Amino acid sequence: MLLELTNVVAGYGGGDVLRGVNLAVEEGTITCIVGPNGAGKSTVFTVISGILKPRTGQILFKGKSLVGLSPQQVLTRGLVQVPQNHSLFPAMTVRENVELGAYMLRDRSLVRKRYDEIQALFPTVRERASEQAGSLSGGQQRLVEFARCLMLDPSLVLLDEPSMGLDPKTLREVFKTITTMKEAGRTILLVEQNARAGLRLADHGVVMESGQVRLDGPSEGVLNNPEISALYLGGSVSKQAAGA
Amino acid sequence: MSLVLQGIVTGILTGGVYALMAAGLTLIFGVMDIINIAQGAFVILGAYLSYWLSVHLHIDLFLGLFITIPVMFVLGVILEWLLIRPLKRDRTQLSILVTYALAIIIEGLLYFFFSADNVKLFAWYTTQSIPVGPFYLPLIYLLAFALSVVLLAALYVLLYRTKFGRSVRATTQNRAAALLIGIDVERVAALTFGVGVALTAAGGMAYGATTPFTPNSHYDLISRLLVIIIFAGMGSLGGALIASVGMLVIENVTSLLWSPVWASTVFYVLLVIILLVRPQGLFGKFATRNQ
Ligand SMILES: Nc1ncnc2c1ncn2[C@@H]1O[C@H](COP(=O)(O)OP(=O)(O)OP(=O)(O)O)[C@@H](O)[C@H]1O
Ligand SMILES: [Mg+2]
């Protein structure tokens, strides 16, 4: 397993939000976490990224513990996150934003090389390089965020609700980019509100509820689990996902 | 007409010094979301440091900045760590209380060490005037303005041409995202506070060389500085420069043409009008800031 969470308990000071999370992500796969609002999905990411310290429990990445590491140290291990909310620097150019993805790197020629590779992959980055990031549409901003997170050449990418607020066409593009990332050999852990679409994209599905993992397994199985589909994958969700 | 011109020129020159002090205040707000009420007290402290160095060690006012700027920088970093970093919740509101307390403490210490007497910084160039076009300008105004321009240019280079500057701008624009790409935002905050306070060493020297001061001069200063950065829009650096010069020009022209009594009143009235029309200030960045 590339990433393994065992009995992770964490909170923001007012009671536990994660109440014993067990989760495993296999190398080279897409794993999708679904669950109702407030289940603690984003909190799992915050804990993995080193921003929130778990109260107890173990987090192993490539066999080594991440617990107690700073966000910087987690990044250097090859694990990056694209958060749920806007994470670009609106008054900086697209190029500056993408370059900042390599903030941790000292080797300037490596940064230039990575930037060239990434702008070849992302037409948005190429075409909008000198525009202010804040002037881009929501979908374009998402793609720039993806481009930025690849600057460290990560082995595991955490994507928190990548489809949020996107129209169906942009959503398809974003999902295609996720598949491309996987084909490039990266492992992906994503949270998706658009549960059906997310699970179809994924190899593994994880259902979270009230700070715990209710169910996990191959995404097919999660998608077709009658109890789960009644609870989380109701008709309205499947309608939204029809375009994807 | 020449009176108006003189008011404008003096306003621009003194406005440069205010820009220096306001730049520190608005930079600190941008990065840390805190309002440093002690900024005025730091200016006065900087002025007293220059005073002490020049009276007791006979160090020139401008040369003394090579001592006072680093000292104030270190003081800023330590105070940030001691007083600001522990504020985890409601930090904007709490910072007003904490830094107000800090201002009072600094004022008390200055009374203790320097008494309540009026002080002014002296050097050969503080009493000279030189002819510029149709009128004479105090040489110190020109020197203080030049100092401000040099330091603001250095600040610009720091912010827009260095990696540290990038991390400052990133933290200002989106703190959570800055953390996620590996910027040590607490370190950035401490250094930014240090830079903001270091600027007051120069601002204080320039202020003290043009205006007599006492330990409680900071009340007047901080209200002017707050007006400037609110007028400009909190967190806007360019705005702070324009607002500083604008405020001092308006004050000077009013005072020369009308009466010194009305000088700052006119500016405050203008401020109220502008805030009614544009609550985010003239150059406010609130709209583009996240969270
Ligand atoms: N920074 C924070 N400080 C305090 N409480 C928080 C914070 N972030 C999240 N919480 C709380 O933790 C719980 C879980 O939040 P989290 O964001 O992890 O849920 P989520 O599953 O990602 O929900 P959503 O689908 O809405 O994104 C919620 O009750 C939320 O109010
Ligand atoms: Mg969430």
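Computation of the quantities below employed the complete heavy-atom set of this structure, encompassing side-chain atoms and omitting hydrogens, waters and symmetry-equivalent molecules. Just so it is clear, the structure is predicted and the values come from calculations on it, not from any experiment. Here is how names work: the chains are called A, B, and so on, in the same order as the sequence lines, proteins then strands, and each is numbered from 1.
- The 12-atom threshold is exceeded at NZ of B:Lys88, counting heavy atoms of other residues, nucleotides or ligands nearer than 6.0 Å.
- Scanning all heavy atoms of the two residues, the minimum distance from A:Ser87 to B:Ala177 falls at O-CB, 3.1 Å.
- Other residues, nucleotides and ligands place no more than 12 heavy atoms under 6.0 Å from the CZ atom of B:Phe66.
- Within a 6.0 Å radius of NZ in A:Lys53, more than 12 heavy atoms belonging to other residues, nucleotides or ligands are found.
- Heavy-atom neighbours of A:Arg126 CZ from other residues, nucleotides or ligands within 6.0 Å: above the threshold of 12.
- Counting heavy atoms from C-beta on, the side chains of A:Pro83 and B:Leu180 come closer than 4.5 Å.
- B:Asn174 places a side-chain N or O within donor-acceptor distance of the main-chain N or O of A:His86, the cut-off being under 3.5 Å.
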What verdict does the side-chain contact (heavy atoms from CB on, under 4.5 Å) test give for A:Tyr103 and B:Lys163, after you've listed the backbone C-alpha separation in whole Å, the side-chain angles of each residue and the deciding distance to 0.1 Å?
CA-CA 9 Å; A:Tyr103 179 81; B:Lys163 190 167 182 180; 3.7 Å; yes
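- For A:Glu96, the parts lying near chain B are the backbone and the side chain together; criterion is any non-hydrogen pair under 4.5 Å.
- Contact detail for A:Gln72 and B:Ile183: the closest heavy-atom pair is NE2-C, 3.6 Å.
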I'd like to know whether B:Ile181 forms a side-chain contact (heavy atoms from CB on, under 4.5 Å) with A:Phe89, so could you lay out the CA-CA distance, the side-chain angles of the two residues, the decisive distance to 0.1 Å, and finally the verdict.
CA-CA 11 Å; B:Ile181 58 167; A:Phe89 305 110; 3.8 Å; yes
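- When heavy atoms are compared at a cutoff of 4.5 Å, A:Leu79 does not approach chain B at all.
- Comparing A:Glu145, A:Met151, A:Glu99 by how many heavy-atom pairs each has under 4.5 Å with chain B, the most go to A:Glu99.
- The number of heavy-atom neighbours closer than 6.0 Å to CD of A:Glu27, taken from other residues, nucleotides and ligands shown, is 12 or below.
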What's the verdict on side-chain contact (heavy atoms from CB on, under 4.5 Å) for B:Leu179 and A:Ile51, showing C-alpha distance, side-chain angles and the deciding distance?
CA-CA 8 Å; B:Leu179 196 62; A:Ile51 290 166; 3.9 Å; yes
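- Within the 4.5 angstrom heavy-atom criterion, atoms from both the backbone and the side chain of A:Leu100 approach chain B.
- Within a 6.0 Å radius of OH in B:Tyr100, no more than 12 heavy atoms belonging to other residues, nucleotides or ligands are found.
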